[in-house]
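Worksheet for the structure shown next.
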Amino acid sequence: MNAEHEPQPDQAGADLPEPDGSRPESAAPRLAAEAERRLSPLTVVTTAIQHGRSAGLPVLVALFAGDFNPWVLGGTVLVGVLLVVAGIVRYWTVRYQIIGERLEIRSGLIFRSRRAIPLERIRGVNVTSTLLHRIFGLAVVRIDAAAGGALQQEEAKLDAIATAEAEQLRVELLRRHSLLVEHEAAEAEEPAAETEAAPAESAEVTYFRMPWRWYLYAVLSPAYLLTPFAVLAALFGFFNQFIDAEVIGAYVIGQADTIWGIVTSRSGLLLLTLVGVVAAILVAMPLFAVVSYMINQWQFTLHRRGEALVTERGLFTRHSVTLEYRRIHGYELHDTLVQRPWALGRLSAIVTGLGGSTSRSALLPLGPRAEVERIVAQALRPFHGKLVAHPAAARSRRLFRAVVPPLLLAGCAAALGWFWVAGGLLAVAVLGVPLGMDRYRSLGHGYDGEQVSVRSGSLARVQATVARSAIIGWRWRQSVFQRRAGLATMKATVGAGSGGYDAIDVDFADSVAFAHAVTPELLAPFLAASAAGAADQAADTSGQEGDRSGGAGA
């Protein structure tokens, strides 16, 4: 069952362009063109360094392994000159300019490129500074824009611009974008004023600045705990470039008898070594987790600047992401089975134009749930309703899927005489009982008059809260087993975030009534048609019964 509006492309207004390609004067406020700008002169240095990274190692190897051969020295000098020339060419050829309702970027010396990005299609302007850029006081500006449709995306990048100028460009692009969007939404009796004056921007408000103790929560994040293994994999890949693995493998096979003799004769030393390695990894996991977490989330801050939320984070590479309020349609609260006993969670925004991007939509890192909810109350709109528990049939389904499959496998293993395997599977089945109960308790959905909230998951639980105005449709899915139990999966379709959020294993009839209470304008036509069909079917049935009774009387 579907009840859904067609999503409209994120494009400019309905005014058609004039024959010469310009828009009518009434279509948008008059925005004067700014002077053409270049990248920073230090682009010559940063470009040479960035391109030189890939050539640096081979050049050093050639220099030291070639005994400073004149040809090698000459090639090294030539590579350095070419890198500098590439930086100079980039500096002189890249231009950008704000012309009325578009941003134009020109680049190229032999093959020239000219890009025009309509300002009303801009989805976000993000400023990033790597360690190299920060040394020279530079930044990279990335402009996300819709490429002709709600699901298409393109990105323009200006690398590198002075930090102050990058911030000014961000503010100016978002200001002009807001003027165009506000004009399209304005009433006809409020014509656009012919002015360049920017709307007064409210003072910056800082909602959150990451305290030191929050870095320790990295030990409860599985992704960061696996950092040592990622480092070992990277080192293995690096050394694999210089070591022939096949040669080493052949040598180990050839010396297998010798190696086995050492293992059997010194089993105690080998066991001690293995214990030491395991202990080192167990110590390294939380240590690496905290260090990598600090590098990634260093001095995480959440600000409000005008009509946008701005997040800033990072030690070596500083990320600044701007999310306009008009593009934020809700939020997600995340936690895991390990984090819930400590009452921890993290917060991300449901934003138009970012899709499933988790890093750019993050509003708060992992921290105390009470603090996360406080930030939601200050910066967003908290959910004031209660989540409705799902039917008992949903609990049965979760217990069945968590317990019965490992039990069946345990029975098969026992029949084959694999008693150790059967014991392990039996333990998994026993542990499936609390896991299934937790998965059931995590289910829920609710509506507080303004927002809809759905929750699901156990090992990784997510509660998504979206504004009623963001819901563009509803979808119901039923498997064979769900139909037998009278259950369904109800999806609230949203033109933001991941595109939709599921209420799993809800009572089908209750879910239809729930959706009708939230958006009656969407469900009313379908319910009216369903009622009319049921009435017609009842009339046909009664008519057939009348014919049968009349025939019997005759």
Side-chain angles (χ1 to χ4, degrees), residues 9-13 15-44 46-47 86-128 133 138-150 152-184 192 194-198 308 320-322 324 327 353:
D10 188 7
Q11 297 181 356
D15 295 310
L16 298 176
E18 294 293 336
D20 61 353
S22 61
R23 299 179 64 182
E25 287 196 17
S26 60
R30 292 181 179 178
L31 300 171
E34 292 195 350
E36 192 175 61
R37 308 182 200 177
R38 293 180 177 176
L39 303 178
S40 169
L42 293 173
T43 301
V44 177
T46 58
T47 300
I88 295 174
V89 170
R90 184 178 183 185
Y91 168 69
W92 281 106
T93 58
V94 177
R95 302 282 191 279
Y96 64 97
Q97 184 179 16
I98 303 176
I99 305 176
E101 301 174 28
R102 67 184 186 276
L103 170 67
E104 288 193 358
I105 302 176
R106 302 178 183 88
S107 61
L109 179 62
I110 300 176
F111 300 100
R112 296 188 177 181
S113 171
R114 178 177 176 178
R115 298 182 60 186
I117 301 175
L119 298 184
E120 70 267 16
R121 292 186 183 175
I122 289 179
R123 297 280 183 84
V125 182
N126 304 320
V127 180
T128 304
H133 290 86
L138 303 177
V140 180
V141 179
R142 288 182 170 86
I143 301 102
D144 295 332
Q152 297 178 349
Q153 192 85 3
E154 66 176 352
E155 182 183 75
K157 183 172 72 172
L158 294 171
D159 179 12
I161 303 175
T163 302
E165 187 175 348
E167 183 62 24
Q168 293 175 2
L169 178 62
R170 182 192 69 84
V171 172
E172 182 63 17
L173 289 175
L174 294 178
R175 184 188 72 85
R176 293 189 178 225
H177 171 69
S178 298
L179 284 176
L180 293 172
V181 172
E182 290 173 2
H183 179 270
E184 291 178 357
E194 300 180 5
T195 178
E196 270 290 292
S320 177
V321 179
T322 301
E324 295 178 282
R327 296 171 53 223

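Below, each value reflects all heavy atoms present in this structure, side chains not excepted, and no hydrogens, waters or symmetry copies.
Proximity of Ser40 to Ile161: side-chain heavy atoms (C-beta onward) are nowhere separated by under 4.5 Å. Between Thr128 and Arg142, the closest side-chain pair of non-hydrogen atoms falls below 4.5 Å. The side-chain heavy atoms of Ile98 and Glu172, taken from C-beta on, include a pair separated by under 4.5 Å. His133 is listed as a side-chain neighbour of Val140, based on a closest heavy-atom distance under 4.5 Å. With a 4.5 Å cut-off on side-chain heavy atoms, Thr322 and Val125 do not count as touching.
Of the possible donor and acceptor atoms, none in the side chain of Thr47 sits under 3.5 Å from a partner among the backbone N and O of Val44.
A search for side chain to side chain contact (heavy atoms under 4.5 Å, CB included) contacts involving Glu167 returns Arg170, Val171, Arg305, not counting sequence neighbours. Partners of Arg38 under the side chain to side chain contact (heavy atoms under 4.5 Å, CB included) rule, at least two apart in sequence or in another chain, are Tyr91, Trp92, Arg95. Every residue was checked against the side chain to side chain donor-acceptor pair (under 3.5 Å) condition with Ser107, not counting sequence neighbours, and none meets it.
Distance OH/Tyr96 to CD1/Ile143: 9.5 Å, rounded to 0.5 Å. Distance OG1/Thr163 to CD/Gln168: 11.0 Å, rounded to 0.5 Å.
Residues Ala160 and Leu138 come closest through the heavy atom pair CB-CD1, 3.7 Å. Val89 and Thr93 make their closest contact through O-OG1, 2.6 Å (heavy atoms, listed as atom of the first residue, atom of the second, distance).
A salt bridge does not link Arg176 with Glu101: none of the charged nitrogens is closer than 4.0 Å to a carboxylate oxygen. Taking 4.0 Å as the cut-off between side-chain N and carboxylate O, Arg114 and Glu104 count as a salt-bridged pair.
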Before you tell me yes or no, could you show the steps for Arg115 and Arg106 under side-chain contact (heavy atoms from CB on, under 4.5 Å), namely the whole-Å CA-CA distance, both residues' side-chain angles and the distance that decides it to 0.1 Å?
CA-CA 6 Å; Arg115 298 182 60 186; Arg106 302 178 183 88; over 6 Å; no

What do the steps show when you test Leu158 against Leu169 for side-chain contact (heavy atoms from CB on, under 4.5 Å), and what is the final call?
CA-CA 11 Å; Leu158 294 171; Leu169 178 62; 3.7 Å; yes

Run the side-chain contact (heavy atoms from CB on, under 4.5 Å) test on Leu174 and Glu324 for me, step by step, so that the C-alpha distance in whole Å, both residues' side-chain angles and the decisive distance to 0.1 Å come before the verdict.
CA-CA 9 Å; Leu174 294 178; Glu324 295 178 282; 4.1 Å; yes

Given the rule in the side-chain contact (heavy atoms from CB on, under 4.5 Å) test, do Leu39 and Arg90 qualify, once you have shown the distances and angles that lead to the verdict?
CA-CA 9 Å; Leu39 303 178; Arg90 184 178 183 185; 4.3 Å; yes

